[in-house]
Structure formats: structure tokens, C-alpha cells
**Student:** 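Okay, here's the structure, questions in a sec.
Residue numbers start from 1 in every chain, and the chains themselves are labelled A, B, ... in the order their sequence lines are given, proteins ahead of strands. Every heavy atom of this structure was used, including side-chain atoms; hydrogens, water molecules and symmetry mates were not.
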There are 2 protein chains.
Amino acid sequence: MATPMTRPFPSFEPVNPPVHGGREVALFAGCPELLGTPFSYGREEEIYGEGEDADVVYRVVDGAVRTHKVLGDGRRQITGFHLPGDLFGFEQGEAHRHSAEALSDTKVLIFRRSAIQRAAARNADVACHLWNMATRGLRHAQDHMLLLGRRSAVERVATFLIDVDERLGGTGTFALPMTRRDIADYLGLTIETVSRTLSQLEEAGTLLRTGGRQVSLRLQRLRRVVED
Amino acid sequence: MATPMTRPFPSFEPVNPPVHGGREVALFAGCPELLGTPFSYGREEEIYGEGEDADVVYRVVDGAVRTHKVLGDGRRQITGFHLPGDLFGFEQGEAHRHSAEALSDTKVLIFRRSAIQRAAARNADVACHLWNMATRGLRHAQDHMLLLGRRSAVERVATFLIDVDERLGGTGTFALPMTRRDIADYLGLTIETVSRTLSQLEEAGTLLRTGGRQVSLRLQRLRRVVED
DNA sequence: CGTGAGATTGACTGTACTCAAATGTGGTGG
DNA sequence: CCACCACATTTGAGTACAGTCAATCTCACG
């Protein structure tokens, strides 16, 4: 476990960009009083489930997390993938209305909601930051609603690949950190459709697959597929 | 225009329940320093568009508002309908990433973002309330993602009807305040599918249509359609 | 080298979409 | 009050895109 220390972010605004291997334990820059407790989860381990008490908020330090909702018959919608730097676990009421699991071995920082609220009351910057965090999430949700409601399978997959690439550094070459099932449940498709669509994109020379999860994107062409 | 006055809400938590004809101008209870400016919009009038400066936040006083995103080719996804009491117009950055229009003649209160942030810094309750507001929006967005990604047409329409009914008083009988196009663009369907689905539900004795927008729901049966 | 989970591919099906026509509704002015 | 109009909604016929079911392939790991 990393020893608690206060290394603030260089800039105020971008909390999102990955901070692989970071050892920050403060929730926000310039807020040394709001410290998080390091914690680890194994691959596929549940972080919290629907209905559980929502008295803490998490920040990913290393690894990746998915949050999702399920229907009674098992249909699942993944609402987001959370990479290093991302916050997740906000909840309006007492209990979680969705679940969270680690995609791979994952390190997080845990912050008590009560402590956050106390800090927000004392420090205007913290309050502002929280507001930004939440509206950032709202924006992502709105984008994703547009994708789920109005985009075709190819567009969904292309959008997804571009997005993951950006969040992983933007080199165009990376290993997808999740299974086809997770991708399908995020995009509102089936694994078969995701698979077929990837094959179709590869056939069109829009990407290259080398081994199971590894992909190389032709970003130009991929962006032309999305066209928004 | 209503004269500014400070009538705080009786309770702290529920800002959402409709306050038809309310004349409150304070954003939150117990926050007389944060006053809004009353403003009106006509039917179908644009409140703000994508790309415009997002320096204010709105609260619906009377009427109804829709917020949406569009793709280049015109495909549209409505991300939410906002009824009296609801806040909308939050944005993470400088500019709006979506648009908002009045469904019918609508009265709103306008609050400057800078004023809100100043108030949040001074008043812990306000900061807490803002946090709640934003996470409330996030929860709705997550529910809607599940609907868009994983639910069938009948389930979407049924869910929608139940939801509108609840927000309009829960009597089971009401006039839909929006067109089929709006419903379709909210549910990720086409107007034809919405229409057919309503006919199908009526045929099954799950609801009654009297005149264009007027409906009477058999809530029991309708809930059985949704089953979650 | 065998095993099993994950991924791909194939054949077929079904739900929701598209295009098109008919019907209903509310508003306006004679 | 009614005729007329524009527009919203419903209904119909045919299609297509993504889903289902099932077989095969790949690859990491013991």
C-alpha cells in the first residue's frame, strides 16, 4: 500500500487524464485535508452492489472498473468504464442504484461522503470541483444516451474504439481491457454483433487485430465512420 | 412577472416535486441570497443551443422543457423532459453540449453559475444541495441508458407512461405534454413504433386513449409489462 | 498436449425501421 | 357553426439490421 502523501495535481481542471502509478491520496488538488484510503480489488471482484449503502466515493488509481445496472431477467447495461483518475460511486440517496466491479486487479482510493461534504463546506474549490465532477459524468451520460438511442452498430463500435484509445493515450494501438461481453453490454449490443462488427471493420481496413484483445486503429478512417 | 420573494421550501430534500404556480425565486430552501430571475419562453422556443455559453442554470416554474443532442444527419436523442421544480442547464465546460427548448409556454427562473458557485462556497447546505441535484441527474441518466440499451419497444413506452404519470401527479389520467416525435426521440424509437405500441397497449386493455394526447392508464397492468 | 473460456462465424429469425397512404385533430376564418 | 387547412397520428406493406441459436475456432494455462 502506498503511504499517504500530498502530491497535488499540477493543474486544477483536468482530474480525468490517467495518472498511471500515481500515489496521490488527496481527492483534489489543493485539498490536503481530504484524504482517501487506498484499497485493492481483484479481477472481476465486486466493489459494491445495488442496494448497498453508498457512504463512500471511489477514485481509480490503477486498473479499471465498470459500473452497471441489471434487469430481473439478467439483461445488463454497463453505464461506464472507469480508468485511473476517474471518480465513481456518486449516489443521490442512501443506497447504490447500480453495481461496480473491477475489470482487472485494481487499486482505488476511498473517500467518505460525509468527509467530502464537510470539506466542500469549508473549501469553495472543493465544492466547485465536485460540481465539475458530477456534470462531467452527466455529459458522458448524455453522449452515451445519444449513442444507445440513435447510433448503428458500426457507429457504436467505432465510437467506442476511438474513446478507449483516447483514454489510453491516443496512440491508436492498445489492448482492450474488457471482454466482448462487457463491450456489448456497454454498447447495447450482443457479443456476436460486436464481434462481427470488428471483423467487418478489419475487412474494410479500418483496424487491425493481432491476438485476442490487441487492436491497431486507423484513426482517420474510424473517425469517418462516426461522422458527427 | 412574479415579484421576488423568499418563500423557502418546507423540507430540505425534495426540490423535485412540481410546484405549479409557485412564485419561489430562491434556488434552494434556506438560501435567500441565491435569487433567480424570472423568464418566459413560448411553445417550441429555443432556450439555448449547442455551443452557446453556459453561464446560467435554469429551474422550471411552469410548463415543460426538453433537452437533447443531435447528430449531423438530424438523428436526435432527447436526454430529458423537465417539469416544474426541475433544474436543467448544468454544464461542465464553458459551452453547452446540448440544446433546450420549451415544449409549451414555459416560465423559468435563471441563476448565474458564478453566483451559485459563490453561494456554494459560503453555504454548506447549498453545496450539498447542488451535489444532490447533479447526482439525481446522473441517476436518471443511468436508468435511461438501461432503457435505451436493453429494453424492448413495449417496455420503453410502458416505462415512459408510468414515469410521466408519476411526475404529473400519479392519477393515471393525463394529457401527454409532448408530441409523438418527442416521445420517439426520447425513447430511441420512431414515431410509427411509438404509435403502434400505444395501439397495441390499448388493444390489450392496458390503457385508454381519448383524444390525441389524453390517456388513462391501467397502472397495475402497465407495471406488469415493465417487470424489473 | 488437453482443457475450457472467450471469440468468431454461419444460418435463420424477429423486432423495429422505412416508405407510403389514410385518418384524426385542433385552429382559423367565413 | 361549420368548412377548410395544416399538421399530427395511425395504419399498412415490405425490408433490414441486429438478435438468436448453434457450431467452430483460438489461445492461455495447467
**Student:** For atom CZ of A:Arg213, is the number of surrounding heavy atoms from other residues, nucleotides or ligands below 6.0 Å larger than 12?
**Tutor:**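 Yes, the 6.0 Å shell around CZ holds more than 12 heavy atoms from other groups.
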**Student:** Whole Å only: how far is the CG atom of A:Leu198 from the C1' atom of D:dT26?
**Tutor:**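 Computing the A:Leu198:CG to D:dT26:C1' distance gives 15 Å.
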**Student:** Donor-acceptor pairs under 3.5 Å, side chain of residues 218-228 of chain A to any protein atom, not counting sequence neighbours: which ones?
**Tutor:**
{"unit_1": "A:Arg221", "atom_1": "NH1", "unit_2": "A:Ala204", "atom_2": "O", "d": "3.4"}
{"unit_1": "A:Arg221", "atom_1": "NH1", "unit_2": "A:Gly205", "atom_2": "O", "d": "3.3"}

**Student:** Round to the nearest Å and state the distance from B:Leu201 atom CG to D:dT11 atom C1'.
**Tutor:**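 Spelled out: CG on B:Leu201 to C1' on D:dT11 is 16 Å.
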**Student:** Can you measure B:Arg75 atom CZ to C:dT18 atom C1' for me and round it to whole angstrom units?
**Tutor:**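 Computing the B:Arg75:CZ to C:dT18:C1' distance gives 14 Å.
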**Student:** Do B:Thr37 and B:Arg112 meet the criterion of a side-chain donor-acceptor pair at a distance under 3.5 Å?
**Tutor:**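 No, B:Arg112 and B:Thr37 have no side-chain donor paired with an acceptor closer than 3.5 Å.
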**Student:** Given atom CD of B:Glu203 and atom C1' of D:dT10, what is their separation to the nearest angstrom?
**Tutor:**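 My rounded result for the distance is 13 Å.
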**Student:** Using whole Å, what does the distance between atom P of nucleotide D:dT26 and atom CD of A:Gln214 come to?
**Tutor:**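 So the two atoms are 19 Å apart, to the nearest Å.
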**Student:** Rounded to the Å, how far apart are A:Leu176 CG and C:dA7 C1'?
**Tutor:**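 Value for this atom pair: 12 Å.
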**Student:** Taking B:Asp86 first and then B:Arg167, would you say they form a salt bridge - that is, a charged N and a carboxylate O separated by under 4.0 Å?
**Tutor:**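 Between B:Arg167 and B:Asp86 there is a salt bridge, with a charged N closer than 4.0 Å to a carboxylate O.
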**Student:** Identify whether any heavy atom of B:Thr179 sits under 4.0 Å from a base atom; if not, whether one sits that close to sugar-phosphate; answer base, sugar-phosphate or nothing.
**Tutor:**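 Result for B:Thr179 = sugar-phosphate.
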**Student:** Does C:dA16 have its OP1 or OP2 closer than 4.0 Å to a side-chain nitrogen or oxygen of B:Arg156?
**Tutor:**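 The answer is no; no side-chain N or O of B:Arg156 sits under 4.0 Å from OP1 or OP2.
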**Student:** Does the distance from a Lys or Arg side-chain N to an Asp or Glu carboxylate O, for A:Arg76 and A:Asp182, drop under 4.0 Å?
**Tutor:**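 So A:Arg76 pairs with A:Asp182 through a salt bridge.
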**Student:** Identify, residue by residue, the members of residues 182-194 of chain A with a heavy atom below 4.0 Å from DNA chain D, and return them in order of residue number, or none.
**Tutor:**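 Nucleic-acid contacts, sorted: A:Gly188, A:Leu189, A:Thr190, A:Glu192, A:Thr193.
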**Student:** Could you work out how much the helix from C:dC1-D:dG30 to C:dG30-D:dC1 bends, comparing the axis of its first five pairs with that of its last five, to 10°?
**Tutor:**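 The end-segment axes of the helix from C:dC1-D:dG30 to C:dG30-D:dC1 are tilted 40° relative to each other.
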**Student:** Does any pair with a residue in residues 187-228 of chain A pass ring pair (Phe, Tyr, Trp, His ring centres under 6.0 Å), and if so which ones, sequence neighbours excluded?
**Tutor:**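 Output for this query is empty, none listed.
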**Student:** Would you say NZ of A:Lys69 has more than 12 non-hydrogen atoms from neighbouring residues, nucleotides or ligands within 6.0 angstrom?
**Tutor:**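 Correct, the count exceeds 12.
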**Student:** If you look only at pairs with a residue in residues 44-63 of chain B, which of them pass as a ring pair (Phe, Tyr, Trp, His ring centres under 6.0 Å), with sequence neighbours excluded?
**Tutor:**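 Checked against ring pair (Phe, Tyr, Trp, His ring centres under 6.0 Å) - neighbours excluded - the pairs reaching residues 44-63 of chain B are B:Tyr48-B:Tyr58, B:Tyr48-B:His96, B:Tyr48-B:His98, B:Tyr58-B:Phe88.
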**Student:** Establish, with yes or no, whether the OP1 or OP2 oxygen of D:dT10 is under 4.0 angstrom from a side-chain nitrogen or oxygen of B:Arg180.
**Tutor:**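 Answer is yes, contact under 4.0 Å.
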**Student:** Evaluate the ring planes of B:Phe81 and B:Tyr186, with Trp represented by its six-membered ring, and classify them as parallel (under 30°), tilted (30 to 60°) or perpendicular (over 60°).
**Tutor:**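 Tilted, since the angle between the ring planes falls between 30° and 60°.
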**Student:** Would you indicate which nucleotide in D:dA18, C:dT9, D:dT9 comes nearest to any side-chain atom of B:Arg213?
**Tutor:**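 Among the listed nucleotides, the one closest to the side chain of B:Arg213 is D:dT9.
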**Student:** Using atom CD of B:Glu202 as one end and atom C1' of C:dG24 as the other, report the distance to the nearest whole Å.
**Tutor:**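 Checked: the CD to C1' distance equals 14 Å.
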**Student:** Give every donor-acceptor pair under 3.5 Å between a side-chain atom in residues 157-165 of chain B and any protein atom, sequence neighbours left out.
**Tutor:**
{"unit_1": "B:Thr159", "atom_1": "OG1", "unit_2": "B:Glu155", "atom_2": "O", "d": "2.6"}
{"unit_1": "B:Asp165", "atom_1": "OD1", "unit_2": "B:Thr171", "atom_2": "N", "d": "3.4"}
{"unit_1": "B:Asp165", "atom_1": "OD1", "unit_2": "B:Gly172", "atom_2": "N", "d": "2.7"}

**Student:** Side chain of B:Arg196, base of D:dG12: donor and acceptor closer than 3.5 Å?
**Tutor:**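 Checked by distance alone, the answer is yes.
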**Student:** Rounded to the nearest Å, what distance is computed from the CD atom of residue A:Glu44 to the P atom of nucleotide C:dA5?
**Tutor:**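 In whole Å, C:dA5 P lies 13 Å from A:Glu44 CD.
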**Student:** Using a cut-off of less than 4.0 Å, is there contact between a side-chain N or O of B:Arg181 and OP1 or OP2 of D:dT9?
**Tutor:**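 So the side chain of B:Arg181 is outside the cut-off, no N or O lying under 4.0 Å from OP1 or OP2 of D:dT9.
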**Student:** Any side-chain N or O of B:Ser199 below 4.0 angstrom from OP1/OP2 of D:dT11?
**Tutor:**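 Checking D:dT11 against B:Ser199, a side-chain N or O does come within under 4.0 Å of OP1 or OP2.
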**Student:** Please compare A:Ser152 and B:Ser195 by the position of their nearest nucleotide in DNA chain D and report the one closer to 5'.
**Tutor:**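 Nearer the 5' end of the strand: B:Ser195.
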